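Here the structure is a predicted model, which is why all the values come from computation and not from measurement.
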Amino acid sequence: MAELIDHPCVQHKLAIIRDEETGHKRFRELATEITKFICYEALKNVPTREVTVQTPVAKATCRKIDTDIVVVPILRAGVGMLEGILELVPTARVGFVGLYRDEETKKPVTYYERFPPQIRGGTCIIIDPMLATGGSTVAAIDLLKEEGAKNIVVVVIVTCPEGIALVEKAHPDVSIYAAAIDEKLNENKYIVPGLGDAGDRLYGTSH
Ligand code: PRP
Ligand code: URA
């Protein structure tokens, strides 16, 4: 399942982050702002438990989140979304997956993984600005499941039908939340129109 976050506040920021004139400082700020909105939606189904709180007036029946939240940025571009989700869930734990797309084969290469044990009973949120072919996301989900994770959600800024299809085929239990589902991939497996190379734009690097 892929859900598009079509809210005007998100779409306005998306227009600015896509713009090639937007520099890395603003790009980073926007990645944080957009992530917070998408994650707000992505977390709407996390388990809660009933609690009773004494207000200055009376007892109130309330709900609190009843699961460990583990955020898993895919290095390196996923780190650009970390601040946004931690503003929303400051107690979240953080695991890391190091993956890069081989420039020739376009296939993901894993170079790092480190997860907290709470991935097993908790809710894992993979963050990465781009879900293009889907190879990196599928590899990250594979690694998490091998370590015992059961509840996994993917939050991206931009994706496309090809990437969604790959993830849905390999992991039909995993939901994807995105601010944009673009038209297609180009011959270099970049999302069109996309926003270019997310890692380079976040960190001010270039090929
Ligand atoms: C980008 C992006 C995703 C991946 C998406 O990372 O951040 O991780 O490509 O492509 P896919 O869906 O086709 O696998 P990249 O490999 O450029 O590494 P970086 O984050 O280190 O820049
Ligand atoms: N990685 C990116 O950073 N951008 C794309 O469009 C595809 C993969």
Side-chain angles (χ1 to χ4, degrees), residues 1-5 7 9-10 13-14 17 27-99 110 112-131 136-137 139-157 159 167 171 173-179 198-199 202-203:
M1 192 271 300
E3 184 172 324
L4 176 67
I5 312 304
H7 193 286
C9 292
V10 175
K13 291 176 192 298
L14 185 66
I17 204 170
F27 192 97
R28 279 201 288 265
E29 291 166 354
L30 287 158
T32 297
E33 293 164 16
I34 293 170
T35 301
K36 204 165 163 181
F37 281 117
I38 308 173
C39 287
Y40 179 79
E41 268 303 297
L43 288 167
K44 67 186 172 197
N45 294 320
V46 294
T48 55
R49 73 188 138 84
E50 208 173 275
V51 294
T52 304
V53 171
Q54 178 69 52
T55 79
V57 179
K59 284 190 183 348
T61 304
C62 307
R63 289 191 300 150
K64 284 193 169 176
I65 292 177
D66 194 27
T67 180
D68 281 309
I69 308 268
V70 182
V71 188
V72 182
I74 300 181
L75 303 174
R76 98 196 127 133
V79 174
M81 299 170 72
L82 188 55
E83 198 180 324
I85 185 161
L86 291 182
E87 282 177 12
L88 196 64
V89 192
T91 56
R93 294 166 204 274
V94 184
F96 291 92
V97 181
L99 289 171
T110 308
Y112 188 76
E113 63 178 291
R114 182 142 189 184
F115 305 124
Q118 287 78 7
I119 60 166
R120 276 172 222 119
T123 301
C124 301
I125 304 171
I126 294 174
I127 50 174
D128 192 328
M130 311 305 279
L131 197 172
S136 303
T137 301
I141 299 170
D142 287 344
L143 289 170
L144 277 168
K145 285 190 174 174
E146 277 162 26
E147 295 298 323
K150 295 216 162 38
N151 298 312
I152 303 173
V153 170
V154 173
V155 170
V156 299
I157 297 180
T159 186
V167 176
H171 297 291
D173 56 309
V174 173
S175 299
I176 301 164
Y177 294 84
L202 273 164
Y203 302 119

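The OG atom of S136 sits 11.0 Å away from the CD1 atom of I141 when rounded to the nearest 0.5 Å. Separating the CG atom in L82 from the OG1 atom in T32 is a distance of 9.0 Å, to the nearest 0.5 Å. The line from OG1 of T123 to CG of N151 is 5.0 Å long, rounded to the nearest 0.5 Å. Here the straight-line distance linking atom CD1 of I65 with atom OG1 of T48 works out to 8.5 Å at 0.5 Å rounding. Annotation: the span from I119 atom CD1 to E146 atom CD amounts to 10.5 Å, rounded to 0.5 Å. Note that CG of L86 is 11.0 Å distant from NZ of K36, once rounded to the nearest 0.5 Å.
For the residue pair I74 and A140, the shortest heavy atom distance occurs at CD1-CB, 3.7 Å. Contact record, A60 with T55: CB-CG2, 3.9 Å, taken as the closest heavy-atom pair. A31 and G80 make their closest contact through CB-O, 3.6 Å (heavy atoms, listed as atom of the first residue, atom of the second, distance). Considering all non-hydrogen atoms of both residues, A198 and F27 come closest at O-CE2, 4.1 Å.
Of the possible donor and acceptor atoms, one in the side chain of Y203 sits under 3.5 Å from a partner among the backbone N and O of R76. With T159 contributing its side chain and L131 its backbone, the two residues share a donor-acceptor pair below 3.5 Å. Under a 3.5 Å cut-off, the side chain of R93 and the backbone N or O of V70 do not form any donor-acceptor pair.
Taking the salt bridge (Lys or Arg N to Asp or Glu O under 4.0 Å) definition, one finds that K44 meets it with E3, E41, sequence neighbours left out.
The number of heavy atoms from other shown groups lying within 6.0 Å of CD (E33) is above 12. Crowding of R49 atom CZ: a count of heavy atoms from other residues, nucleotides or ligands under 6.0 Å exceeding 12.
A heavy-atom distance below 4.5 Å is not found between the side chains of T91 and I69. Residues I5 and Y40 are not in side-chain contact: their nearest non-hydrogen atoms beyond the backbone lie 4.5 Å or more apart. Contact annotation: the side chain of P129 approaches that of M81 to within less than 4.5 Å [non-hydrogen atoms, C-beta and beyond].
The residue from I38, V71, L43 that alone fulfils the side-chain contact (heavy atoms from CB on, under 4.5 Å) condition with V155 is I38. H171 pairs in a side-chain contact (heavy atoms from CB on, under 4.5 Å) with only one of the listed residues (D142, I152, T137), which is D142. Remark: of the listed residues V97, V153, L144, L143, L144 is the sole one forming a side-chain contact (heavy atoms from CB on, under 4.5 Å) with I126.
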